[in-house]
Amino acid sequence: MPSKPSSGVSVSDVCILRLSALGDVCNLVPSVRALQQARPDIKITWVIGQAEYNLLAGLEGVTFRVYDKKTGIAGMRALRRQLLEERQGRPFEVLLHMQAALRASILSRFIPAKRRIGFDKARAKDWQGFFVSEHLLPHPNSHVGEGFLDFVRYLGAEPQQRQWSIPLPSEAEKEAAAWVSGKQPYLLLSPCSSNRARNWRNWSAEGYAQMIDHAWQAYGLNTVITGGNSPMEQQMVADIQALCAAPVINAVGKTSLKALLVLIRDAQLVVAPDSGPIHMAVAMGTPPLGLYVTSNPLRTGPWLPAEQLQSWIVNCYPAAVRQFLKREPEQVGWGQRVRDPAAIDLIRVEEVIMRLDHIMSAARATTAFEELKQ
C-alpha cells in the first residue's frame, strides 16, 4: 500500500535525484519552483548528469552536484564523500528519488537521507520500490511532468501555475545571435532523437525538406537545424540540405545547450520528434510541433492541456498501436512503445504542414502561449 502524503511542507532540506534526460529535467524544473514557492527558505540539492547540468546551470536556489555515469561505483562513493563533507556528516531530511532506473537507484543508496521517497508501484520501474521507504500515491495516465509534481503534492503543497525561469547567460545570447542575423524569423528543427535500441522516432529527410520549403514559401521562415554531433545527425542534416530549396542554417553539433535554449526561445516554433527540444520549447514559451508515433504524447509529449496538445502536434501513436500492436490504445499500457521501424511512415507531410499552418496563425499562437510567455 502507498504511504500517505505529508500534511504540510515541513521539510527545509531536500535532495533531488534525477540524472537525465534533457527533456525530463526541463519538466522537473516547475516542481523545484513549486517547492520554493511553498517554502521560500527551502534548501535544494540536485544530483544530476553533466549534460543536464549544462542546460540548467545557475538555476536560482539550487545546488547542483554532478554525477558522471562513466565513473560507476567509484563516482558514487566520491559523491557520498563530497556530500558528507559539505554537510558535516548530516543526512538530508528527504531524498526525492525521481528517476526510476536501476543505476539511479543504486546511486540513491550513496546519498545520505533520513527519508527516501519514490514513485508508486505502477511508476517505480527497475525495482525502484526496493530502494525507497515511502511511495507516492497512484496517479494513473499522467504526464511525466505531473509525476514530478506529485512529489511536491506528497510533501504537502499544491502547485500553482507552472514556472521555469531557466537562466540564460549573456554568453549564450551572443552565441545564439551569431547563428541568426537581424530580425529574420525562423523555425528551429531538431530532426533526431537520442539513438536508443529499438526506439525508432526520427522522421524522413524527405518529409523534413518538404516542410522546410513550405515554411519558407508560405511564411518566409528560415530554418535552423540543431542537434548533437553524431554521424547519424550529421548525415540527416546533409540529406535535408540536399533535398530542400529553402535556406537552411546548419548548427548541428555546434551550439552549447544554453545557446540552444536562446535559439528555441526566439524561434517562431520548434519542430522535433519525441525528444528534449520539444520540452525546452515549452519551457521557453515557444510553440512545439512534436512528431509522435512510437510513444504516447499524452505521457511524454509537450506538457500542455490535452485539447491544445492534440491540435498542435502530429499524433500517429493511436494508429501505430492499432497497426503494429493489433490493439486499441486504451488496451495497452500508458507507457507502451511501438517498436517497429515502419511506424514512422505513418507521419504524412500534409499533416505536418497543417499543424505548422495552425501554429503560424498569429492569434492562435499568441493566445495559446500567453501564460507561458509571462
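- Placement of Val293 and Met236 within a single hydrophobic cluster is found when ILVMFWY residues are connected by side-chain heavy-atom separations under 4.5 Å, directly or transitively.
- No side-chain donor-acceptor contact under 3.5 Å links Lys114 to the backbone of Phe92.
- The backbone N or O of Ile313 sits less than 3.5 Å from a side-chain atom of Arg355, completing a donor-acceptor pair.
- Between the side chain of Asn296 and the backbone N or O of Gly335 there is no donor-acceptor pair closer than 3.5 Å.
- With hydrogens and angles disregarded, a donor-acceptor distance shorter than 3.5 Å links the side chain of His143 to the backbone of Gly301.
- Closest heavy-atom contact between Val25 and Leu22: CG2-O, 3.2 Å.
- In this structure, CD1 in Ile42 is found 5.0 Å from CG in Leu35, a value given to the nearest 0.5 Å.
- Taking both residues in full, the closest heavy atoms of Leu56 and Lys258 are given as C-NZ, 3.7 Å, listed atom of the first, atom of the second, then distance.
- Of all the heavy atoms in Ala343 and Val338, the pair that sits closest is CB-CG1, 4.2 Å.
- Side-chain atoms of Gln163 and Gln37 include a donor-acceptor pair closer than 3.5 Å.
- Taking the side chain as every heavy atom from C-beta outward, Leu187 and Val270 never approach each other to under 4.5 Å.
- Note that the CG atom of Asn27 and the CZ atom of Arg162 stand 8.5 Å from one another [nearest 0.5 Å].
- Residues satisfying the ring pair (Phe, Tyr, Trp, His ring centres under 6.0 Å) test with Phe64, not counting sequence neighbours, are Trp46, Tyr53.
- Sequence neighbours left out, the pairs with a member in residues 322-334 that pass salt bridge (charged side-chain N to carboxylate O under 4.0 Å, His left out) are Arg322-Glu328.
- One distance of note links CZ of Arg348 with CD of Gln210; it measures 12.5 Å at 0.5 Å rounding.
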Which is it for Leu298 and Asn141 under the side-chain contact (heavy atoms from CB on, under 4.5 Å) test, yes or no, and what are the steps along the way? CA-CA 8 Å; Leu298 296 178; Asn141 299 351; over 6 Å; no
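- Leu309 is listed as a side-chain neighbour of Pro302, based on a closest heavy-atom distance under 4.5 Å.
- Residues Asn202 and Met232 are in side-chain contact: their nearest non-hydrogen atoms beyond the backbone lie under 4.5 Å apart.
- Here the side chain of Asn315 pairs a donor or acceptor atom with the backbone of Tyr317 at under 3.5 angstrom.
- Transitive grouping of hydrophobic side chains (ILVMFWY, heavy atoms separated by less than 4.5 Å) brings Leu221 and Val248 into a common cluster.
- Between Glu173 and Arg265, at least one side-chain N (NZ, or NE/NH1/NH2) sits under 4.0 Å from a carboxylate O, which counts as a salt bridge.
- For the atom pair OG1 of Thr223 and CH2 of Trp216, the computed distance is 9.5 Å after rounding to the nearest 0.5 Å.
- With hydrogens and angles ignored, the 3.5 Å screen pairs no side-chain donor or acceptor of Ser230 with any backbone N or O of Gly228.
- Tyr219 and Asp357 are linked by a side-chain donor-acceptor pair at a separation below 3.5 angstrom, with hydrogens and angles left out of the test.
- Between Ser256 and Glu175, the side chains place a donor N or O and an acceptor N or O closer than 3.5 Å (distance only, hydrogens not considered).
- Both Val29 and Val262 belong to a single network of hydrophobic side chains, linked directly or stepwise wherever heavy atoms of I, L, V, M, F, W or Y lie under 4.5 Å apart.
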Fill in: Derivation and outcome, side-chain contact (heavy atoms from CB on, under 4.5 Å), residues Val224 and Asn222
CA-CA 7 Å; Val224 178; Asn222 281 336; 5.7 Å; no
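- Residues Ile117 and His97 form no side-chain contact, since every pair of their non-hydrogen atoms from C-beta on lies 4.5 Å or further apart.
- Counting only distance, with no hydrogens or angles, the side chain of Arg33 and the backbone of Trp164 share a donor-acceptor pair below 3.5 Å.
- Every residue two or more places apart in sequence or in another chain that forms a ring pair (Phe, Tyr, Trp, His ring centres under 6.0 Å) with Phe151 is listed here: Phe119.
- Minimum heavy-atom separation, Arg116 to Phe131: CD-O, 3.9 Å.
- Counting only heavy atoms from C-beta outward, the side chains of Arg87 and Asp13 approach each other to under 4.5 Å.
- Take Tyr292 and apply the ring pair (Phe, Tyr, Trp, His ring centres under 6.0 Å) test, not counting sequence neighbours, and it matches no residue.
- No continuous path of hydrophobic side-chain contacts links Val132 to Val94 [ILVMFWY only; heavy atoms under 4.5 Å].
- No donor-acceptor pair under 3.5 Å is formed between the side chain of Lys121 and the backbone N or O of Gly129.
- A donor-acceptor pair shorter than 3.5 Å can be found between the side chains of Asn54 and Gln50.
- Atom CG of Leu137 sits about 8.5 Å away from atom CG of Asp150, to the nearest 0.5 Å.
- Trp312 has its side chain within reach of Pro287: a pair of non-hydrogen atoms, C-beta onward, lies under 4.5 Å apart.
- Summarising the geometry of Cys244 relative to Ile212, their closest heavy-atom pair is SG-CG2, 4.2 Å, with the distance given to 0.1 Å.
- Two residues are said to be in side-chain contact when any heavy atoms from C-beta on lie closer than 4.5 Å; Leu107 and Gln99 fail this criterion.
- Across every non-hydrogen atom of Leu17 and Ser108, the tightest pair is CD2-CB, 3.6 Å.
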With salt bridge (charged side-chain N to carboxylate O under 4.0 Å, His left out) as the test, would you mind laying out the steps for Arg153 and Glu146 before giving the verdict? CA-CA 10 Å; Arg153 298 183 179 105; Glu146 287 296 328; 2.8 Å; yes
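- Of the possible donor and acceptor atoms, one in the side chain of Asp213 sits under 3.5 Å from a partner among the backbone N and O of Ala245.
- Separation of atoms CD1 (Ile264) and NE2 (His279) is listed at 11.0 Å; rounding is to 0.5 Å.
- Within the structure, salt bridge (charged side-chain N to carboxylate O under 4.0 Å, His left out) pairs that include any residue of residues 273-298 comprise Arg201-Asp274, Asp274-Arg337 (at least two apart or interchain).
- Tyr67 and Leu96 end up in different hydrophobic clusters when Ile, Leu, Val, Met, Phe, Trp and Tyr side chains are linked at under 4.5 Å.
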Are Leu291 and Ile344 close enough, and set up right, to give a side-chain contact (heavy atoms from CB on, under 4.5 Å), and what steps lead you there?
CA-CA 9 Å; Leu291 310 181; Ile344 202 70; over 6 Å; no
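- Between Leu79 and Thr71, every side-chain heavy-atom pair lies at or beyond the 4.5 Å cut-off.
- Few gaps surround CZ on Arg80; more than 12 heavy atoms of other groups in view lie less than 6.0 Å from it.
- Atom NZ of Lys254 has more than 12 neighbouring heavy atoms from other residues, nucleotides or ligands inside a 6.0 Å radius.
- In this structure, Phe148 has no ring pair (Phe, Tyr, Trp, His ring centres under 6.0 Å) partners at least two apart in sequence or on a different chain.
- Between the side chain of Trp334 and the backbone N or O of Ser142 there is at least one donor-acceptor pair closer than 3.5 Å.
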